[in-house]
Amino acid sequence: MTLADSEIEYIEGILGRKMNELEEGMLDVMFSEHCSYKSSRPFLRAFPTEGKNIILGPGDDAGLVSITDKYALAVGMESHNHPSAIEPYGGAGTGIGGILRDIISMGAMPIALLDSLRFGPLEDDKSRYLFEHVVKGISDYGNRVGIPTVAGEIEFDESFRTNPLVNVMCVGLVEKDKIVRAQAPNIGDVFLLMGGTTGRDGIHGVTFASEELTSDSETEDRPAVQVADPFTKKRVLEASLEILEKINVSGVKDLGGGGLTCCISELVDSSSNGALVDLRSIPLRETGMTPYEIMLSESQERMVFVIDPNDVELACQICDKHEISSSIVGEVIEGNNMIISDEGNEIANLPTILLADPPSINRPIVEIPADTEKIDVKEPSILKSLPALLSSSNIASKEWVYKQYDHEVQVRTVVKPGDDAAVLRIDENTAIALTTDSNTIHTKLSPFDGAAGCVAEAIRNVISMGATPYAVVDCLNFGNPETPEILWQFKTAIEGMSLVAEKFDAPVISGNVSFYNETEGVKINPTPAVGVIGVEDIENIRTLDFKNEGDKIILIGKTYDELSGSEYHRTVHNIEKGTAPKIRIEEEVANGKTVLDLIGKDKDKNITAVHDVSAGGLAVALSEMVIKSGLGCEVTLRDDELDKIQLLYSESHARYLLTVKADAVDDILSKIDVEANVIGEVKGTSLFINGHEFKFEDLDDAYHGVIEQYMA
């Protein structure tokens with residue numbers, strides 16, 4: 001049990017009595033960090049959550065953003081870190097299952113999955129094992145359910161050796177007049193539990209997720225990992241959408257963390273009603289299950305629909321047609337309590353607000369001093385450093401991963417994995433750009449600028465595709481919040497993220513917090529994984545690959561002396577020290593809007609390619625454009641204030657590379673009122689930077705096959 005003595009005292013003060021064993025178990029899961037957000041809620045309020053395109057912000061299973069007059073997107077992001085550390089295949093699969101149910105719960109059809117993954121170095125046997133089986137778990141589950149995995153990002157770093165991170169984003173499409181919510185507003189409505197049956201898997205999953213891992217976790221905590229069943233999920237998805245189409249559903253919610261306890265208490269609490277649950281009406285997978293096990297089980301592929309009793313027969317017929325179990329397990333009642341009945345006997349009676357809205361905790365915070373010590377290293381030649389950087393597992397091609405994913409099922413995918421963002425068609429005129437991003441070294445070194453940079457980079461990714469950023473979702477992965485320095489990182493990161501989201505008018509509409517990502521004192525780098533949704537006219541889509549010889553290359557934005565925290569320092573010098581690149585928010589916004597304005601007015605398609613500059617700096621961004629297209633370029637970088645290494649590898653924010661048809665350069669430049677320079681042209685098949693030549697074959701060999709060699 002994870003309830004603190006002070007929490008037990010608080011609970012029993014409200015109840016006016018002692019808890020029984022079942023009530024104690026129910027409150028234990030609901031007071032867990034995973035369900036209650038008790039350490040994070042005071043800081044999450046800093047996020048901007050409302051905007052002109054936002055239908056629904058945080059608080060439900062997913063956020064909702066308007067994208068056309070007819071359609072909205074339901075968007076969510078979740079973590080499944082601890083389960084994936086114990087059982088990577090099943091942990092990753094159930095992570096996918098959980099986020100899919102969140103989207104279905106809004107009445108939406110899931111149309112895309114994205115992931116954000118972190119592992120230890122690929123040289124480590126255990127890290128390779130976790131990596132291989134997490135990717136397979138994501139692939140098998142998504143492919144079997146028929147939802148494309150269209151984009152993602154991966155990092156390998158020593159800090160994740162014992163604590164991998166598996167974060168998944170899902171996007172669903174819903175007609176605005178068919179949106180449903182997690183609520184139970186009508187007294188007398190009944191709870192239809194449908195989908196998979198209830199077993200003993202996943203009990204205490206949320207409390208397991210709210211504690212640090214130990215060296216014994218792999219054996220001791222395995223029962224807390226849920227069992228994935230994508231074939232049942234496919235039937236649940238189809239049955240759910242049919243129920244929503246044919247029945248006027250009052251509310252719906254999936255069963256994830258906390259199982260029936262969490263699902264039903266939150267449904268009724270949101271409507272200030274109570275619930276009566278008949279324990280013996282719940283379909284079970286195993287015999288002899290106790291009330292404690294039934295109410296805390298986190299068995300997968302289950303949904304609860306709140307419906308009128310007159311609709312029960314039709315709902316059950318739909319479930320029977322799709323060969324999934326269904327049962328009425330209770331009803332919405334007057335009052336504010338959740339009552340559990342076993343063969344007519346009341347065995348638990350708790351205020352729903354106590355379950356669904358536990359009090360937050362004001363924990364102490366201690367600032368971590370910035371590392372301002374000068375970094376002095378001997379720089380190798382660019383002829384050695386650039387190939388080394390391209391061969392870094394954090395820069396090199398991730399084809400080994402996304403080739404395992406079906407990214408074209410549902411036939412919406414216009415731009416596939418491997419570009420700055422994925423692009424999906426919504427209708428004949430509208431597309432959406434989707435991306436995930438994070439920079440954990442930057443966030444570790446400078447939580448404000450690093451986390452702000454995570455949002456800024458994700459926004460640059462969708463802008464580079466020609467899309468206007470509409471909304472942000474996140475998955476905030478940190479260490480133990482009881483450590484004052486960790487909580488300072490968390491608070492400061494949110495402040496940085498909030499600044500960028502607000503200035504771009506891209507509110508944070510949904511998210512997740514994952515604390516306790518430590519193993520016996522070894523902490524992960526703080527990881528604010530960010531997802532961004534952009535919307536665009538299909539005619540405005542751009543990609544990063546060079547298109548034509550003779551096109552001019554324009555750099556928008558200024559490069560600063562900001563090598564510390566770079567992938568160059570980590571890969572070439574094995575250094576993670578210093579301060580992260582700064583967010584200069586006015587430059588970031590002005591440069592982003594400039595690129596969008598240029599694309600929006602470019603009816604003649606004179607802008608032929610766009611690519612943001614991020615990890616690895618300009619040298620890597622240019623290399624990626626060469627490798628992707630097979631066309632070379634000649635580039636000259638000059639700055640009196642910076643040396644050649646800073647120019648090549650600095651990871652300063654707010655920068656974009658554009659290629660423009662030669663006869664349109666002057667016209668394009670005349671429309672730009674931010675820092676912009678022509679730095680070269682598309683030419684030949686080699687990359688020339690400041691006179692150094694890199695043949696296409698050498699770049700391609702360095703960039704491709706890196707992960708494949710480790711996983712052979």
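Below, each value reflects all heavy atoms present in this structure, side chains not excepted, and no hydrogens, waters or symmetry copies.
- For the side-chain contact (heavy atoms from CB on, under 4.5 Å) with L114, the qualifying choice from V150, V168, I99 is V150, the only one to do so.
- For the atom pair CD1 (I154) and OH (Y402), the distance works out to 10.5 Å, reported to the nearest 0.5 Å.
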Are K558 and E587 close enough, and set up right, to give a salt bridge (Lys or Arg N to Asp or Glu O under 4.0 Å), and what steps lead you there?
CA-CA 9 Å; K558 182 174 174 56; E587 288 183 31; over 6 Å; no
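- A salt bridge does not link K398 to E153: none of the charged side-chain nitrogens sits closer than 4.0 Å to a carboxylate oxygen.
- Under 4.0 Å is where a charged nitrogen must lie from a carboxylate oxygen, and between E399 and K403 at least one such pair does.
- A distance of 6.0 Å or more separates the ring centres of F688 and H692.
- In summary, the side chains of S614 and E457 do present a donor paired with an acceptor at a separation below 3.5 Å, with no hydrogens or angles considered.
- Between W400 and F131, the angle of the ring planes lies from 30° to 60°, which puts this pair in the tilted group.
- Y560 and Q646 share no side-chain donor-acceptor pair at under 3.5 Å.
- T608 and D551 are linked by a side-chain donor-acceptor pair at a separation below 3.5 angstrom, with hydrogens and angles left out of the test.
- For the residue pair N477 / N167, a side-chain donor-acceptor distance below 3.5 Å is found, with atom types taken as modelled.
- Electrostatic pairing of R460 and D437 does not count as a salt bridge here, judged by no charged N lying under 4.0 Å from a carboxylate O.
- Residues H573 and Y568 bring their aromatic ring centres within 6.0 Å.
- In this structure, a donor-acceptor pair under 3.5 Å is present between the side chains of T543 and K547.
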Inset, instruction - Check the pair R128, D125 against salt bridge (Lys or Arg N to Asp or Glu O under 4.0 Å), reporting the backbone distance first and the verdict last. - result: CA-CA 5 Å; R128 287 200 304 277; D125 290 345; 2.5 Å; yes
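- The CD1 atom of I459 sits 11.0 Å away from atom OG1 of T435, with the distance rounded to the nearest 0.5 Å.
- Defined by atom type and a distance below 3.5 Å, a donor-acceptor pair is missing between the side-chain atoms of N480 and E518.
- Within a 6.0 Å sphere centred on NZ of K416, heavy atoms belonging to other residues, nucleotides or ligands number 12 at most.
- Put simply, CG on N439 and CD on E567 are 8.5 Å apart, with the number rounded to the nearest 0.5 Å.
- Going from atom OH of Y710 over to atom CD of E123 covers 3.5 Å, rounded to the nearest 0.5 Å.
- Of the inter-residue distances, the one linking L563 atom CG with D643 atom CG reads 7.0 Å to the nearest 0.5 angstrom.
- Between the side chains of S84 and N81, no donor N or O sits under 3.5 Å from an acceptor N or O.
- Looking at D124 and R161, a side-chain N of the basic residue comes within less than 4.0 Å of a carboxylate O on the acidic one, giving a salt bridge.
- S385 and Y649 form a side-chain donor-acceptor contact under 3.5 Å, judged by distance and modelled atom types alone.
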Passes salt bridge (Lys or Arg N to Asp or Glu O under 4.0 Å), K582 versus E588? Steps please. CA-CA 11 Å; K582 292 186 178 300; E588 192 73 59; over 6 Å; no
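- Ring pair H133/Y129 is tilted by interplanar angle, where 30° to 60° counts as tilted.
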Would you check, one step at a time, whether the test salt bridge (Lys or Arg N to Asp or Glu O under 4.0 Å) holds for E562 with R584?
CA-CA 13 Å; E562 293 180 318; R584 299 168 178 87; 3.1 Å; yes
Report, one line per pair, each donor and acceptor closer than 3.5 Å where one atom sits in a side chain of residues 444-454; sequence neighbours left out.
from, atom 1, to, atom 2, distance (Å)
K444, NZ, E576, OE1, 2.9
S446, OG, A580, N, 2.9
D449, OD1, I583, N, 3.0

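- Counting heavy-atom neighbours within 6.0 Å of K605 NZ, excluding the residue itself, gives a total above 12.
- Between the side chains of S564 and H569, no donor N or O sits under 3.5 Å from an acceptor N or O.
- Expressed to the nearest 0.5 Å, how far CG of L100 lies from CD1 of I147 amounts to 5.5 Å.
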